[in-house]
Amino acid sequence: MLDEPFLKVTPKDKEKLMVDTSSLTVVEALNLSSVSSLGSPDNRRDQETQCDRPNLAPLDEVGPRQRFRRTNSLLHDLREEAEENGISATQLMGYLLHKENYISNRKTADVGLKLFNKSLVDKEMSVDKGLYILSSYNIGRTGYTNLRRDLNEHVTLPAHYKLMEKKNSITPELKPYSIDDNEGITASLKESCSIHVKRLIEAHPEIEPGQYRVLCKDGLDGSGRHSIYHQKGQAQTYSMILYMWILLEVIKEAGSSGESSSGEGSSQASGLTVWKESAANSPEAAVPLFLVKGKEDRELLKSIIPPIEAEKTALSTTGIEINISGASYHFRFEFNLTMVDGKMVKLLTGRGGAYCILCPASRDECHNLDRIDEGFPIGEVSNEDLRKLYQDLQDEGEIKPKPGDYAERRGLTQKPITTCDIKVFPILHATLRTMDWTLKVIYHLSAGVRTWKENLQNEAKIKRAKDNVRASVYERTGIRVDEPDPVGKGGTSTTGPMSKRLLHDIPIRQALIDCVPDRGKDRTQFGQIVKNMSVILRLVSCSDFVNSDKLDALCKDTSRVFLEQFPSFKFTPSVHQVLAHSSELIAGNKSRGLGTLSEEALENNNKNIRRYREHLSRKTTQEDNLTDVFHRLWLKSDPVVRSFRHIKKCTYCDGDHHVRSCPKKSADFGVHVEDELFSSFLV
């Protein structure tokens with residue numbers, strides 16, 4: 001006999017029987033509960049119903065309507081019981097489920113306990129998160145549907161048609177573009193900026209209503225090695241031109257409502273930075289604007305650039321007004337045309353015969369030691385001056401170069417297309433061309449050829465030296481340097497990441513320098529030159545504050561040592577730009593490195609476009625094909641979609657950076673001498 005009853009006698013039973021139940025035994029309480037139940041009207045009704053229908057079919061064998069009708073009274077009683085106990089009917093059912101299956105089925109019991117604790121929620125994914133999965137994993141409708149079906153037990157992904165509806169609502173209207181045999185698609189820059197900043201506010205609610213200045217970089221580039229499909233409107237070319245822009249920074253203008261002198265964000269001369277792009281050179285940050293099949297030629301560029309520049313001028317002067325839930329935002333955009341390579345700059349500025357795209361100096365002047373000490377000011381060449389010069393020199397629409405007229409003509413051969421002043425050199429291509437220049441010097445020194453030009457007399461020597469250098473570097477590092485592209489579509493194995501490894505990784509760089517014969521001071525001096533070039537390129541590519549005067553001295557010293565040690569060798573235009581203009585450009589960028597102005601994001605999207613055209617787009621027509629590619633690029637750059645991306649954590653200190661740039665790891669394992677040299681230029 002138990003000391004206390006385990007069956008609770010309800011207050012309703014106490015009132016019906018008017019018996020003091022506080023001292024009843026277990027058996028007496030059971031009997032009392034049975035008697036009270038038999039005497040209740042509800043149970044008498046149920047007994048009468050069972051007498052009328054003795055052969056009641058099991059509930060799981062009847063139809064939905066009969067199940068609904070037969071469980072009405074049970075659900076009614078369950079709700080009353082739950083209300084008396086201060087919980088919901090769902091919680092009560094969850095606990096009963098947990099209690100009934102605790103021994104026989106622990107998984108079902110756990111589900112019941114989660115219902116009782118209100119911890120079992122429907123894991124339905126948002127549409128924006130679904131768009132992130134669609135774009136991040138590069139899957140189409142079939143792949144997404146299969147993934148949704150496979151994960152249905154764990155999470156509910158939104159249906160594909162909902163993703164398409166959302167995509168259409170956050171994508172600008174696309175218009176077909178056609179000139180000659182080139183077909184493409186384009187979007188309005190104003191509409192693109194409006195949609196993008198709306199989504200940025202949605203992803204970052206901390207951006208309050210007010211007036212803002214938005215800093216952007218834009219540019220265009222040719223993309224090669226594209227497939228030719230059997231489709232309507234297909235241009236018979238393997239090339240494509242893409243125009244993209246990146247939102248770098250949002251600055252709240254001084255005097256705007258809600259601005260405070262103290263708060264988060266970096267202060268600017270004209271306001272407070274409330275948002276800044278953390279991955280300015282990521283292909284995911286690039287917003288598409290124009291896609292067209294065709295080669296980089298002046299006729300095509302003359303139809304692309306003027307309309308875009310007109311929109312850029314309007315966005316810079318008047319801006320756009322956005323109202324969100326009654327709150328007013330005003331954004332004024334400032335674009336900087338920096339994502340262009342040297343070939344594109346010459347086409348846009350008309351300076352096809354220029355040695356340097358930033359200054360009017362000729363090749364001979366760039367190798368004069370006195371001129372190097374004086375410097376090469378960038379401001380001597382402006383777009384306005386070039387247009388006036390074109391009007392003075394043109395002859396029936398073209399400029400006919402004459403011997404000895406470079407100082408007057410400044411390399412100008414055609415009328416400038418753009419009205420923008422391009423005041424930066426392509427940083428990624430500067431690294432590539434510096435690597436090519438380094439390899440050429442090593443090949444010539446290894447072959448014993450002290451002249452810069454290659455001819456029939458020294459061609460065989462240089463070729464043998466090139467093979468020996470490749471074999472030596474491969475044997476020591478396992479890296480194939482300057483090898484032809486095995487696919488057969490042009491290019492070499494010396495890509496951007498490979499060039500950075502060859503220049504900045506000290507053991508690999510030393511394997512290159514050791515290929516230089518140890519004659520006189522050749523190996524020592526050239527090793528110091530390449531080391532200086534590595535530090536200079538790292539300073540140019542960073543985003544930190546740099547001592548531009550100290551950098552200018554290093555660049556001039558490097559130029560002087562090279563020309564004194566190798567007087568018959570020459571700088572390539574890219575190497576001249578790095579040595580002659582890096583310090584001035586950094587000083588003009590508020591003493592910050594030029595890393596955020598790089599064209600790397602545009603170049604990295606070339607492979608994405610080729611993949612999208614082949615695997616994730618329709619092949620019906622050229623317009624359909626490029627429309628699908630545009631949508632893919634747009635989704636990748638959408639601020640809300642990008643907010644779901646995984647943020648990489650340092651595996652050494654768990655910081656918000658990569659382990660390769662971890663300051664704690666560098667401090668623990670010691671800083672290399674070259675890192676100390678690099679750090680000495682930072683402010």
Side-chain angles (χ1 to χ4, degrees), residues 170-179 182-201 211-222 240-251 253 277 280 285-292 294 296 298-323 328-340 344-345 347-349 383-384 387 415-424 597 599 601-602 605 623 626-627 629-631 633-634 637-639:
I170 62 173
T171 308
E173 180 184 359
L174 301 182
K175 299 178 181 179
Y177 167 87
S178 178
I179 177 173
N182 303 314
E183 291 190 4
I185 54 171
T186 180
S188 167
L189 180 60
K190 181 178 180 180
E191 184 183 3
S192 299
C193 292
S194 177
I195 294 176
H196 198 75
V197 293
K198 283 181 181 178
R199 297 286 284 175
L200 182 67
I201 296 172
Q211 295 183 350
Y212 293 91
R213 185 163 56 97
V214 182
L215 305 183
C216 306
K217 67 175 179 179
D218 62 317
L220 68 163
D221 184 40
M240 177 181 291
I241 293 180
L242 58 152
Y243 197 113
M244 310 185 85
W245 62 278
I246 295 177
L247 196 153
L248 297 177
E249 201 168 348
V250 178
I251 304 171
E253 294 187 339
E277 175 59 62
V287 184
L289 185 66
F290 197 100
L291 291 174
V292 61
E296 300 171 88
R298 286 184 55 84
E299 296 302 320
L300 187 56
L301 294 178
K302 283 192 292 186
S303 66
I304 296 175
I305 299 300
I308 295 178
E309 291 193 344
E311 287 192 276
K312 286 163 62 175
T313 302
L315 289 171
S316 177
T317 54
T318 61
I320 56 176
E321 192 80 22
I322 296 176
N323 292 309
S328 178
Y329 299 80
H330 185 270
F331 294 92
R332 185 169 56 86
F333 289 79
E334 297 179 6
F335 288 90
N336 192 1
L337 187 63
T338 63
M339 294 195 296
V340 284
M344 185 62 69
V345 171
L347 287 172
L348 294 177
T349 59
N383 190 275
E384 184 179 356
R387 288 181 174 273
K415 182 179 180 180
I417 298 175
T418 180
T419 58
C420 302
D421 287 332
I422 303 176
K423 298 301 182 185
V424 68
L597 304 179
E599 78 283 14
L602 193 62
N605 265 311
E623 182 180 344
L626 295 182
T627 298
V629 173
F630 189 99
H631 287 162
L633 294 173
W634 183 272
S637 64
D638 182 82

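Although no hydrogens or angles enter the test, the distance criterion places no donor-acceptor pair under 3.5 Å between the side chain of S316 and the main chain of K312. Between the E277 side chain and the A285 main chain, no donor and acceptor come within less than 3.5 Å of each other. The main-chain N or O of L315 is never found under 3.5 Å from a side-chain atom of T318 such that the two would form a donor-acceptor pair. Counting only distance, with no hydrogens or angles, the side chain of R298 and the backbone of K415 share a donor-acceptor pair below 3.5 Å.
The salt bridge (charged side-chain N to carboxylate O under 4.0 Å, His left out) test applied to E321 returns no partner, not counting sequence neighbours. Legend: residues meeting salt bridge (charged side-chain N to carboxylate O under 4.0 Å, His left out) with R387, ordered by chain and number and at least two apart, are absent.
Classified by interplanar angle (parallel below 30°, tilted 30° to 60°, perpendicular above 60°), the ring pair F290/Y177 is perpendicular. Taking the six-membered ring for Trp and thresholds of 30 and 60 degrees, F333 and F335 have nearly parallel ring planes, at less than 30 degrees apart.
Shortest non-hydrogen contact noted between S637 and A286 is CB-O, 3.3 Å. F630 approaches P288 most closely through the heavy-atom pair CZ-O, 3.5 Å.
Expressed to the nearest 0.5 Å, how far CG of L602 lies from CG of D218 amounts to 10.0 Å.
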Under 3.5 Å donor-acceptor pairs involving side-chain atoms of residues 189-197, not counting sequence neighbours:
| residue | atom | partner | partner atom | Å |
| --- | --- | --- | --- | --- |
| E191 | OE1 | E173 | N | 3.4 |
| E191 | OE2 | E173 | N | 3.2 |
| S192 | OG | S188 | O | 2.8 |

